[in-house]
Amino acid sequence: MSAMLAARLYSAAIPSHQLPSPQSSFRLRPTPAASSRCLALRAAASATAVSTKPAPAAAPPSADRTVVRIGLPSKGRMAEQTLSLLKSCQLSVRQLNPRQYTADIPLIPNLEVWFQRPKDIVRKLQSGDLDLGVVGFDTVSEYGQANEDLVVVHDDLDFGQCRLSLAVPKGGAFENINSLEELVKMPEWTEERPLRVVTGFGYLGAKFLKDNGFKHVVLLSADGALESFPPMGMADAIVDLVSSGTTLRENNLKEIEGGVVLESQATLVASRRSLHKREGVLEITHELLERLEAHLRASAELMVTANMRGNSAEDVAQRVHSLTSICGLQGPTISPVYCRRDGEVAVEYYAMNVVVPQKLLYKAIQQLRSIGGSGVLVTKLTYIFDEETPRWRNLLTELGL
Ligand SMILES: Nc1ncnc2c1ncn2[C@@H]1O[C@H](COP(=O)(O)OP(=O)(O)OP(=O)(O)O)[C@@H](O)[C@H]1O
Ligand SMILES: O=P(O)(O)OC[C@H]1O[C@H](OP(=O)(O)OP(=O)(O)O)[C@H](O)[C@@H]1O
Ligand SMILES: [Mg+2]
């Protein structure tokens with residue numbers, strides 16, 4: 001038996017629990033005993049052993065630091081979109097030298113920007129070297145390992161959408177395997193010849209396999225090009241990020257029912273200790289949250305202005321309220337349009353402003369026309385500030401404030 005296959009599934013029990021999902025979970029749920037990890041993780045591509053030690057407990061924020069620090073991805077696919085999101089919120093990042101790892105945001109003087117690799121952002125939040133960070137939920141979950149100190153402040157930054165998913169070859173022994181249940185039950189996997197799963201997500205991958213009852217399985221570790229492992233005969237399955245699905249398809253791999261480990265997108269994460277203890281962190285988090293929410297909300301909506309024929313503003317309002325695709329934030333704003341008729345000022349039209357979800361725009365225009373709308377103008381919205389953002393309220397509750 002090869003050394004690689006000698007790695008075994010250890011049966012130390014971890015009580016099953018749900019993985020956090022961006023939509024349902026605000027806090028990263030703690031793992032009861034991260035150290036009793038169930039699967040041995042071996043480095044597949046090199047001989048280096050991979051440590052599966054639990055994440056260290058959060059260190060207290062360094063007392064002598066007075067400035068607040070946020071970590072942003074230094075490279076990779078999240079870097080550019082993070083900067084562009086911040087710019088859309090009027091929070092342009094000023095980096096004097098592209099080779100420097102620090103920058104600032106002129107609008108928030110007490111905030112220092114540190115460009116870091118995504119996994120290091122999570123590590124440095126836990127060590128107390130960063131207070132805030134923008135990073136994918138997959139990275140927070142993998143490197144945060146359910147550490148209580150990490151608080152997901154905004155779980156829906158609307159970029160970096162992907163899922164961590166288990167995939168197997170389309171053909172061969174897997175031809176008729178279309179679900180996780182079928183994969184677990186395959187008679188091919190034995191103690192001598194376990195299912196070999198390669199991943200860059202040792203923590204989440206091991207937990208997923210354990211929670212789903214895999215017995216004869218070995219988890220191998222590699223950093224990139226994981227999709228090449230099964231065709232090369234170096235692994236049977238992979239657990240990796242999938243977005244468009246092109247890489248899987250091009251390598252004759254398929255996802256299976258029940259095989260999604262985690263849904264992910266970019267998140268704003270904070271250190272709980274920093275929020276409680278470091279001066280300025282809570283205020284800066286509030287401002288970031290307000291600006292992000294206002295921008296993200298506005299980008300999903302459009303302002304529609306239409307001239308409506310009608311006898312009165314109320315008459316127009318009644319007709320507008322009968323439409324399903326037009327609701328507005330509170331309701332439409334309606335004002336008379338004063339035109340000149342035979343030397344007299346007359347009101348025949350009413351101008352109506354209403355905020356409409358982008359995806360309902362065409363339907364809204366059709367409906368407006370059906371109730372006497374003409375001359376419809378559509379404009380983009382820059383920000384929508386609500387009285388209070390629900391996420392801020394959630395954060396305060398989470399912090400017991
Ligand atoms: N195909 C994808 N589509 C959308 N988002 C993705 C995709 N792949 C990865 N991501 C998101 O982008 C994040 C960063 O991925 P990227 O490959 O740029 O960096 P990384 O591999 O984590 O960093 P490093 O290469 O320094 O280890 C991932 O953690 C994930 O949240
Ligand atoms: O579903 P798709 O849209 O095809 O995207 C999925 C691919 O994207 C990521 O790889 P990345 O490009 O980061 O390269 P890497 O594997 O070398 O990190 C991920 O690891 C997949 O390989
Ligand atoms: Mg990568």
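Whatever order the structure lists ligands and atoms in, that order sets their numbers, starting from 1. Everything numeric here is computed off the predicted structure, so don't read it as measured data.
Only the side chain of Arg117 comes within contact range of ligand 1, with a heavy atom under 4.0 Å; no backbone atom does. Counting heavy atoms under 4.0 Å from ligand 2, residue Thr247 touches it through both backbone and side chain. At a 4.0 Å heavy-atom cut-off, ligand 2 touches Ala225 through the backbone alone.
Taking a cutoff of 4.0 Å between a charged side-chain nitrogen and a carboxylate oxygen, Lys277 and Asp131 do not qualify as a salt bridge. Looking at Asp155 and Arg391, a side-chain N of the basic residue comes within less than 4.0 Å of a carboxylate O on the acidic one, giving a salt bridge. Ion pairing between Lys215 and Glu191 fails under the 4.0 Å rule for side-chain N and carboxylate O. One finds a salt bridge joining Arg163 and Glu255 here, because a Lys/Arg side-chain nitrogen approaches an Asp/Glu carboxylate oxygen to under 4.0 Å. Taking 4.0 Å as the cut-off between side-chain N and carboxylate O, Arg272 and Asp149 do not count as a salt-bridged pair. Salt bridge Glu388/Arg393: present, at least one basic N to carboxylate O contact under 4.0 Å. A salt bridge links Glu287 with Arg291: at least one charged nitrogen is closer than 4.0 Å to a carboxylate oxygen.
With ligand atoms numbered from 1 in the order given, ligand 1 contributes 29 (O) to contacts under 4.0 Å with heavy atoms of Thr139. Proximity to Glu227 (heavy-atom distance under 4.0 Å) selects the following atoms of ligand 2: 21 (C), 22 (O). Near Thr246, the atoms of ligand 2 lying under 4.0 angstrom from a non-hydrogen atom of the residue are 1 (O), 4 (O). Taking a cut-off of under 4.0 Å to the non-hydrogen atoms of Asp240, the atoms of ligand 2 that pass are 19 (C), 20 (O), 21 (C), 22 (O). Atoms of ligand 1 lying under 4.0 Å from any heavy atom of Gly76, numbered from 1 in the order shown and given with element: 18 (O). Ligand 1 places these atoms under 4.0 Å from at least one heavy atom of Gly136: 31 (O). In summary, the atoms of ligand 2 found under 4.0 Å from a heavy atom of Val242, numbered by their order in the structure, are 1 (O).
The heavy atom nearest to atom 3 (O) of ligand 2, out of those in Ser244, Gly200, Cys162, is found in Ser244. When Gln81, Gln116, Lys75 are ranked by how near their heavy atoms come to atom 25 (O) of ligand 1, first place goes to Lys75. The closest non-hydrogen atom to atom 14 (C) of ligand 1, taken over Glu142, Lys119, Met78, Arg163, comes from Met78. Nearest-residue assignment for atom 29 (O) of ligand 1 (options Thr267, Asp120, Asp138; heavy-atom criterion): Asp138. With atom 22 (O) of ligand 1 as the reference point, the heavy atom nearest to it among Ser264, Gly160, Pro118 is part of Pro118.
For a threshold of 3.5 Å applied to N or O pairs, the pair formed by Arg77 and ligand 2 contains at least one separation below that value. For ligand 2, none of its N or O atoms has an N or O atom of Gly224 under 3.5 Å away.
Atom OH of Tyr362 is surrounded by 12 or fewer heavy atoms from other residues, nucleotides or ligands within 6.0 Å. Counting heavy-atom neighbours within 6.0 Å of Gln100 CD, excluding the residue itself, gives a total above 12. The environment of CD in Gln366 is crowded: more than 12 heavy-atom neighbours from other residues, nucleotides or ligands sit within 6.0 Å.
No donor-acceptor pair closer than 3.5 Å links the side chain of Arg117 to the backbone N or O of Lys119.
Ligand 2 lies nowhere less than 4.0 angstrom from a heavy atom belonging to Arg249. Contact annotation: Gln265 has no heavy atom less than 4.0 Å from any atom of ligand 1.
Residues Glu182 and Asn176 bring no donor and acceptor atom of their side chains to less than 3.5 Å of each other.
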